[in-house]
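Below is one structure. I have some questions about it.
Below, all heavy atoms of this structure are taken into account, side chains as well, without hydrogens, waters or symmetry copies. Values in this document were obtained by computation on a predicted structure and should not be read as measured data. All chains are named by letter (A, B, ...) in the order of the sequence lines, taking the proteins before the strands, and each is independently numbered beginning at 1.
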Amino acid sequence: MFSIETYLSEKFAQAIASLYGVTLDANTLQIQKTHTDFKGDFTLVVFPLLRVSKKKPEETAAEIGDYLKMNFPEFSDYNVVKGFLNVSLTDNFWGEMLTQTGGDENFGFVKANSTGKHVMIEFSSPNTNKPLHLGHIRNNLLGFSVARILEVNGDKVTKVNLVNDRGIHICKSMLAWQKYGIGETPQSSSKKGDHLVGEYYVKFDKKYKLEIEDLKAKGLTEDEAKQKAPLMLEAQEMLRKWESKDPEIISLWETMNGWVYEGFEKTYNNLGISFEKVYYESQTYLLGKSIVSKGLEQGAFFKKPDGSVWVDLTSFGLDEKVLLRADGTSVYITQDIGTAVQRFDEFHLNEHIYVVGNEQEYHFNVLKGILNRLGYSWSDHLFHLSYGMVNLPEGKMKSREGTVVDADDLVTEMIDTAREMASELGKLDGLSETEIDKVCSTVGLGALKYFILKVDPKKNMTFNPRESIDFNGNTGPFIQYTYARIQSVLRKAEEDGISFSGNAPAIQMSEKEKELIKLTITFPSIVSLAAEQYSPALVANFVYELAKEYNQFYHDHYIIRETNDDIRKFRLQVSQQVAVCVKSAMWLLGIDVPSRM
RNA sequence: GGUCCGGUAGCUCAGUUGGAUAGAGCAUCAGCCUUCUAAGCUGAGGGUCAUUGGUUCGAAUCCAAUCCGGAUCACCA
């Protein structure tokens with residue numbers, strides 16, 4: 001892949017070799033974009049070179065600058081400020097860059113499946129007892145975006161979802177529905193299935209709390225009350241029945257989960273999220289038991305007097321961890337061991353990414369430790385993409401206090417806001433209803449997705465609803481707007497019969513024009529860096545900067561209205577290249593771009 | 001208490017292996033539409049990069065200590 005830094009490094013290295021007789025590794029040179037308040041395109045930091053030049057910083061910089069100017073035609077000028085060598089490249093060079101990179105729809109993307117690496121990425125992983133919320137949205141957007149980023153870096157990527165469809169919490173909503181539901185269904189109530197089931201989960205909790213209070217009034221301790229509450233006992237009984245495949249319970253479970261899946265599908269659809277494969281815990285929760293037993297035989301684990309099986313991970317700086325209970329049943333991590341082994345066996349994975357919140361960092365360290373202890377060579381290829389929590393301005397989301405932001409509500413709200421803004425600004429006059437719907441949905445979702453993805457995944461973030469529906473400044477709609485503007489210009493060019501294909505004309509460029517070319521040619525390295533760091537935020541920050549730069553250019557320059565044919569052609573080419581980068585970058589974030597808005 | 005993560009403008013965030021006078025957006029104030037989309041552009045104010053030491057030509061960035069947040073350390077998932 002072409003990189004301007006690499007290109008320049010080689011020239012610099014050549015200069016240094018010739019001047020000082022020392023061959024330096026080209027990528028140890030420190031090259032950066034020249035600060036805006038200095039003249040020049042790129043800057044070589046010469047301080048580290050003083051020990052080979054054995055001269056003052058200014059002198060060293062000047063010597064290298066002279067050499068470059070004398071020997072390479074693309075260097076037009078240089079200046080030295082303290083230990084910084086600022087070099088300028090010719091318009092010719094930048095024109096050549098534009099010619100080389102322009103006109104390729106897939107610019108910045110590596111050919112599909114070219115690395116031969118197969119990566120599985122698991123994300124979303126919802127429970128079927130309540131609808132998706134804001135936290136899931138961050139998870140889904142991250143997982144989906146990272147998958148695309150890896151794809152365009154040449155990996156084969158399989159996106160999977162592991163649905164938590166069993167367990168005591170599922171039984172709670174089932175029980176509440178059975179007791180208080182009077183046959184309510186999504187159809188009868190016209191509620192979305194996942195929301196309906198979620199309501200019964202909440203109902204269980206309420207009734208359960210009442211029972212606890214009741215028992216406490218009768219003299220039981222908090223813990224005793226929690227354990228002895230009739231509802232809890234019933235839920236546990238239901239779980240036992242489920243595990244023994246009681247037909248009535250299984251049927252209820254299937255029905256209610258069916259409602260939830262219908263609801264989830266809608267949410268995923270609205271968000272534009274999809275998976276290649278969906279796993280269900282009801283089918284995987286027993287996996288791993290035999291592996292643990294084998295590990296026990298091999299001495300990787302040990303048994304306590306009560307019969308429970310443990311692993312000692314103190315050598316990894318972790319603790320002892322139970323793998324099988326005394327009664328032989330498995331715990332959560334047992335399943336994770338099983339699914340990991342199954343997936344690596346079945347798909348011959350090179351890497352497995354788990355998109356899971358940072359509160360489970362310990363869990364994944366334990367998982368890797370166990371797999372390492374079991375001797376799986378790929379245990380190092382599990383990667384926990386650990387993202388920070390999403391908080392509200394008033395603090396953590398708490399379901400008890402009803403501050404959880406529902407995913408569906410949020411999406412609807414964003415799209416509604418987009419519609420209000422558009423009609424207020426008269427942006428969509430003359431479009432059909434369906435076209436308007438499409439644009440508003442694109443813009444509303446763009447705002448939401450960008451707002452979340454622009455933040456470094458590792459960091460906790462604050463979701464301020466008021467700021468999220470702002471469509472100005474560093475937002476998704478701002479970037480979409482830039483794209484729509486360019487499309488408008490390109491449409492106009494076509495209408496006017498202006499062709500701008502072919503090589504970039506030789507013209508005298510403005511700073512803004514050069515800046516745009518500079519930015520677009522760094523797109524490929526941003527894409528690859530984003531993959532290395534599993535960080536859509538890098539792509540988001542890049543595309544924002546590009547859009548901002550383009551809007552300044554747009555403000556200061558005529559494009560269609562430019563009368564000089566060469567300049568007009570050049571500006572159209574630059575515009576198109578920016579549009580390609582914007583569209584691609586947004587696509588990596590899972591965000592659509594409208595051709596008008 | 002142990003481990004991990006974080007602390008940058010009033011608020012939300014950038015800051016790419018240590019580089020020049022620390023940047024954006026929001027909010028506030030002041031400007032720009034007979035001209036290709038004003039969801040745009042320009043300008044102003046706003047900072048002890050938590051604190052203190054250290055490393056060196058040079059630190060928001062690396063190291064140590066301290067302070068303040070958060071997560072985690074379940075036979076929960």
Base of B:C75 paired with side chain of A:Asp306 (donor-acceptor, under 3.5 Å):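 Such a pair exists between side chain and base.
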
Nucleotide B:C33, atom P - distance to CG of A:Asp556 in whole Å: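 One finds 15 Å between P of B:C33 and CG of A:Asp556, rounded.
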
Under-4.0 Å side-chain N/O to phosphate OP1/OP2 contact, A:Arg325 with B:C76: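 True: A:Arg325 side-chain N/O within range (under 4.0 Å) of B:C76 OP1/OP2.
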
Separation of A:Ser575 OG from A:Leu516 CG (nearest 0.5 Å):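 That separation rounds to 8.0 Å.
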
Presence of A:Arg485 side-chain N/O under 4.0 Å of B:A38 phosphate oxygens OP1/OP2: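 Affirmative; the distance criterion is met.
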
Salt-bridge present (A:Asp565, A:Arg568; N to O < 4.0 Å):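 Here A:Asp565 pairs with A:Arg568 in a salt bridge, since their nearest N and O are under 4.0 Å apart.
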
A:Asp165-A:Thr128 side chain donor-acceptor pair, cut-off 3.5 Å: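 A:Thr128 and A:Asp165 do not have a side-chain donor-acceptor pair below 3.5 Å.
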
Touch class at under 4.0 angstrom, heavy-atom based, for A:Lys396 against every strand present: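 If one applies the 4.0 Å heavy-atom cut-off, A:Lys396 turns out to touch the sugar-phosphate alone, with no base involved.
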
Touch class at under 4.0 angstrom, heavy-atom based, for A:Pro48 against every strand present: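 Touches a base.
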
B:U35 base / A:Tyr558 side chain donor-acceptor hit below 3.5 Å: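 Checked by distance alone, the answer is yes.
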
Pairwise C1' distance for B:A30 and B:G45, with rounding to whole Å: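 11 Å, rounded to whole Å.
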
Given RNA chain B, 5'-ward residue of the pair A:Phe84 and A:Tyr554, judged by closest heavy atom: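 With A:Phe84 and A:Tyr554 compared, the 5'-side residue is A:Phe84.
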
Spacing of CD belonging to A:Gln480 relative to CZ belonging to A:Arg485, to within rounding of 0.5 Å: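 Reported value, rounded in 0.5 Å steps: 14.5 Å.
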
A:Asp456 bridged to A:Lys458 by N-O distance under 4.0 Å: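 Salt bridge: yes.
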
B:G18 - base-pair partner by Watson-Crick or wobble geometry, distances under 3.5 Å: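 Per the H-bond distance test, none.
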
Short side-chain N/O contact from A:Gln552 to OP1 or OP2 of B:U42, under 4.0 Å: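 For B:U42, OP1 or OP2 has a side-chain N or O of A:Gln552 closer than 4.0 Å.
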
Any-strand Watson-Crick or G-U partner of B:C26, both distances under 3.5 Å: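 Pair assignment: B:C26 / B:G10.
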
Nucleotide forming a Watson-Crick or wobble pair with B:C76, both distances under 3.5 Å: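 Checking every strand shown, B:C76 finds no partner, since no pair has both distances under 3.5 Å.
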
By side-chain hydrogen bond (donor to acceptor under 3.5 Å, both in side chains) - contacts of A:Tyr554 (at least two apart):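 For A:Tyr554, no residue satisfies side-chain hydrogen bond (donor to acceptor under 3.5 Å, both in side chains) once neighbours in sequence are set aside.
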
Polar side-chain atom of A:Arg571 near backbone of A:Tyr558 as donor-acceptor pair, under 3.5 Å: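 Checked: pair present.
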
Contact list for RNA chain B against residues 463-475 of chain A - heavy-atom distance below 4.0 Å: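 Per residue number, the list reads A:Glu467, A:Asp470, A:Phe471, A:Asn472, A:Gly473, A:Asn474.
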
RNA chain B: 5'-proximal contact among A:Glu361 and A:Glu562 (nearest heavy atom):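 It is A:Glu361 whose nearest nucleotide is closer to the 5' end.
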
Pairing nucleotide - B:G53, Watson-Crick or G-U, each distance under 3.5 Å: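 Answer to the pairing question: B:C63, which forms a Watson-Crick or G-U pair with B:G53.
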
side-chain N/O A:Lys459 vs B:A14 OP1/OP2, d < 4.0 Å: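 Indeed, a polar side-chain atom of A:Lys459 lies that close.
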
A:His35 side chain near B:A20 phosphate (N/O to OP1/OP2, under 4.0 Å):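 Checking A:His35 against B:A20: at least one side-chain N or O falls below 4.0 Å of OP1 or OP2.
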
